[in-house]
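Start at 1 and go down the list; that is how both ligands and their atoms are numbered. If you're wondering where the values come from, they're calculated on a predicted model, not measured in any experiment. Quick note: residue numbers are just sequence positions, from 1.
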Amino acid sequence: MSERINVEEIFGENLFTLGKMKERLPKKVYEEAKHVMEHGGELSLAAADVIAKVMKDWAVEKGATHYTHWFQPLTGTTAEKHDAFVTVPDENGKMIMEFSGKELIKGEPDASSFPSGGLRSTFEARGYTAWDITSPAFIKEAAVGHILCIPTAFCSYTGVALDKKTPLLRSMEAINTQALRIIRLFGNTTATKVEASVGAEQEYFLIDQKKALKRSDIIFTGRTLFGAPAPKGQEMDDHYFGVIRERIGSFMKDLNTELWKLGVTAKTQHNEAAPAQHELAPIYETVNNAVDHNQLVMESMKRIAGYHGMRCLLHEKPFAGISGSGKHNNWSLCTDTGINLLDPGATPNDNIQFLLILACVMKAVDTHADLLRQSASVVGNDLRLGASEAPPAIVSMFLGEQLEDVVKQLVETGVANDLKEGGYLATGVSTLPDFKKDATDRNRTSPFAFTGNKFEFRMVGSSDSVASPNTTMNAIVAEAFCEAADILEQAEDFDLAVHDLIKKYMTEHQRIIFNGNGYADEWVEEAKRRGLPNIKTMVEATETLTTPKAVALFEKFGIFTKAELESRVEILYETYAKTINIEALTMIDMASKQIIPAVVKYTKSLADTVNAVREAGADASAQIEILNDTSKHLSAMKAALKKLEEVDHTAAAMEPGKEQAFYYKEVVTKAMDDLRAPADALEMIVDKEIWPFPTYGDLLFEV
Ligand code: ADP
Ligand code: MG
């Protein structure tokens, strides 16, 4: 039986919270730190020294031996380099653990190997990490020891952002400034800050580690590159919300404990649609903390799965033919006085501030649908978007019946006097209450859905950092707010002007609203008629970052310079090419060293059987048929293997960049599909004893 956990006691145990600072710091230093956290600015070195000492003492009490500047380079994961608190011993051989303010606020890792997209050549490899004081330090417990992690931003010597956090922090400033202008127009004088709140629901697969280690595709690429469907998929819907099996449950329990200690509010857990697929959702929080915490969630999942003899797959499409994994990014805007600006209230048709904000979000999403699509682009997501149970690659907005009707009235008549009510849902059972119906049903097929008081962006991939999607969200909405505020601040008659502006934005951007089935083929046609972009792949999405529209947006709010955007484009093309190249090489390896030899062995045993049966004077036509089928697929496979080797060779010899990435996408991935098809057909024929690695059935149903 499992041991009891006292959540209240362990929650935040490994987090150096503001409360802990208050307890341990002299009042003046605490006030200074708090001020910087809330209003920005720089911490004095004197204060930093005091904080560093206190932080180190706390960490050492908790068993920490090292500290690290924890940062988020453009690889999409986190980076850390540990330094022990050790110093040179005195003449008696005694060592005093030390940690200075300078070490706390600034670090200089040898940064030459992180992707920089040409912004930094190796001979000027200096990269700096700077403490993000708004994100609390924490202690990570791992086999390597207890490590004090200090969340940092990572920049070059010249201040160019080399990470995902710096632009995110810049975008937070933009949305704060512009959202404050909007609420001031409506008479709010008390709020001093508006921040994006984010809750990222994380989907993942858990499979048996021993089996996973028998497949080099999972080891090298995090997904299966071969594999015929198992006799059972997810058609019975018996996994979704099903009883959590004990092995998975004990993993979830350890994961929750670990996350709670780190101050991550792990809240919801359940089995997902596909077999072996699960989900964890935390309670939403300020976006930069949500981004850090999502990284910790992903990292902890992988580590803790290992302790349980399992492997956690965060890839967007680890298995063909069943649901992939995403990360639903729930986004809203909250003031420091606790008001959610996306809360429509009981009568959204009367809530002018809400309607203006909604109109601005419509404008933002329609104007920059391409950028939103790009912000959810990782290599694995190409296989997920538009496939079973995932939103399509077309960005549209779902508002629900009630709000859609309000928008319609406003567009058509300029007023919205009627409000569609939810009504009551009769349960038909006298002992059960009748439910008050939500005015909005859910639409699971929409990539961008309004869900009561937040938008849920469902395109994001499961392995991806949520920094980019939220940087883009903040930026595009800040731009719309800014334009609206520019107009409304000058208006002589505010009521009239705001009314006209809402109508104008809603009219101009109503094409982005779609409440129907996003999975249907008709929607692709309809979206085309509406002129909405349908950007199917990551490589096609990449150059949306450097259109004049995008550069103007990001430069206006100081989120990215043109050079930073160009560097990111370069990195994305390279990442795509490298990822596909690894996948292609892995397929070549598995095909030539495992599958083909196994099949050859099988044909030999079939041929021997045919001869033996014939010699015995019996009819060998069934065996011959199997042998013929097998040989046919085998020669197709051999030809496809040769082709893949050729095109991958050509691709690898090309100059890195757009052309190479497109070649990988158009030619190499096609050759990969062509190799997979005969191999999967062979898996269906060949003796299971001979098949060289675990099948979908073994991986998905025997965890
Ligand atoms: P589901 O869509 O799966 O039913 P939930 O209602 O449980 O999801 O919420 C999903 C996520 O949305 C959670 O992480 C939750 O904390 C987050 N969330 C709820 N309200 C907000 C909000 N106002 N802003 C941002 N995220 C929110
Ligand atoms: Mg959800």
Side-chain angles (χ1 to χ4, degrees), residues 11 168 171-172 175-176 179 183 191 193-204 239-242 244 252 255-256 259-260 263-274 277-298 301 323 325-345 348 351 353-354 357-358 361 389-391 397-400 403 435 437-460 462 464 466-467 469-474 477 518:
F11 192 83
L168 177 73
S171 78
M172 288 172 70
I175 192 88
N176 176 38
I183 61 174
K193 200 165 167 182
V194 177
E195 282 180 327
S197 291
V198 165
E201 303 165 57
Q202 176 74 46
E203 293 178 338
Y204 61 100
H239 193 255
Y240 191 56
F241 285 12
I244 294 166
M252 287 180 172
L255 176 65
N256 287 331
L259 292 174
W260 289 332
V264 180
T265 50
K267 169 97 178 159
T268 308
Q269 60 197 22
H270 61 83
N271 288 345
E272 254 301 331
Q277 193 186 27
H278 314 278
E279 180 179 304
L280 178 147
I283 297 175
Y284 65 98
E285 58 188 329
T286 302
V287 59
N288 65 327
N289 294 333
V291 168
D292 286 0
H293 284 166
N294 181 249
Q295 290 289 353
L296 285 177
V297 165
M298 292 195 285
M301 280 178 170
S323 287
S325 299
K327 185 139 47 194
H328 293 176
N329 188 88
N330 295 274
W331 181 93
S332 67
L333 288 174
C334 299
T335 67
D336 55 350
T337 48
I339 299 167
N340 177 358
L341 301 184
L342 292 182
D343 188 351
N351 185 342
Q353 178 180 300
F354 171 76
I357 289 172
L358 177 65
V361 177
E389 303 276 332
M397 232 164 122
F398 170 82
L399 290 184
L403 269 188
F435 295 108
K437 262 208 282 200
D438 282 329
T440 319
D441 198 4
R442 288 182 171 247
N443 180 330
R444 290 269 166 212
T445 66
S446 175
F448 196 89
F450 185 71
T451 45
N453 60 3
K454 62 188 192 297
F455 281 101
E456 186 171 343
F457 184 35
R458 304 198 181 111
M459 263 188 180
V460 185
S462 48
D464 205 1
V466 285
N470 288 302
T471 303
T472 302
M473 267 311 292
N474 292 346
V477 175

(message) For F241, is there any backbone N or O sitting under 3.5 Å from a side-chain donor or acceptor partner on H270?
(response)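 Side chain of H270 to backbone of F241: no pair is present.
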(request) Measure from the side-chain N and O atoms of T445 to the backbone N and O of G518, and report whether any donor-acceptor pair falls under 3.5 Å. (result)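 Yes; at least one donor-acceptor contact below 3.5 Å.
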(request) State if E456 counts as touching ligand 1 under the rule of any non-hydrogen atom under 4.0 Å. (result)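 The answer is yes: ligand 1 sits under 4.0 Å from a heavy atom of E456.
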(request) Would you please determine whether T268 falls within less than 4.0 Å of ligand 1 on a heavy-atom basis? (result)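 Under 4.0 Å: no for T268.
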Under 4.0 Å to a heavy atom of [X] - the qualifying atoms of ligand 1, by number:
| X | value |
| --- | --- |
| G199 | 14 (O), 26 (N) |
| N340 | 23 (N) |
| P282 | 13 (C), 14 (O), 15 (C), 16 (O) |
| I283 | 16 (O) |

So, for [X] and [Y], which heavy atoms are closest and what is the spacing to 0.1 Å?
| X | Y | value |
| --- | --- | --- |
| A273 | S323 | CB-OG, 4.0 Å |
| I183 | L341 | CG2-CD2, 3.7 Å |
| L168 | T471 | CA-OG1, 3.4 Å |

(message) The test is side chain to side chain contact (heavy atoms under 4.5 Å, CB included); show your working for R458 and F448 and say whether it passes.
(response) CA-CA 6 Å; R458 304 198 181 111; F448 196 89; over 6 Å; no
(message) Under 4.0 Å, heavy-atom basis, I'd like to know which part of H328 is in contact with ligand 1: side chain, backbone, both or neither.
(response)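 Neither part.
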(message) If you measure every N or O of E279 against every N or O of ligand 1, does any of those distances drop under 3.5 Å?
(response)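 Not met; the criterion fails.
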(message) Using a 3.5 Å cut-off on N or O atoms only, is W331 in polar contact with ligand 1?
(response)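 No; the residue has no nitrogen or oxygen that sits under 3.5 Å from a nitrogen or oxygen of the ligand.
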(request) Output, in order, the C-alpha distance, side-chain angles, deciding distance and verdict of side chain to side chain contact (heavy atoms under 4.5 Å, CB included) for N474 and W331. (result) CA-CA 10 Å; N474 292 346; W331 181 93; 3.1 Å; yes
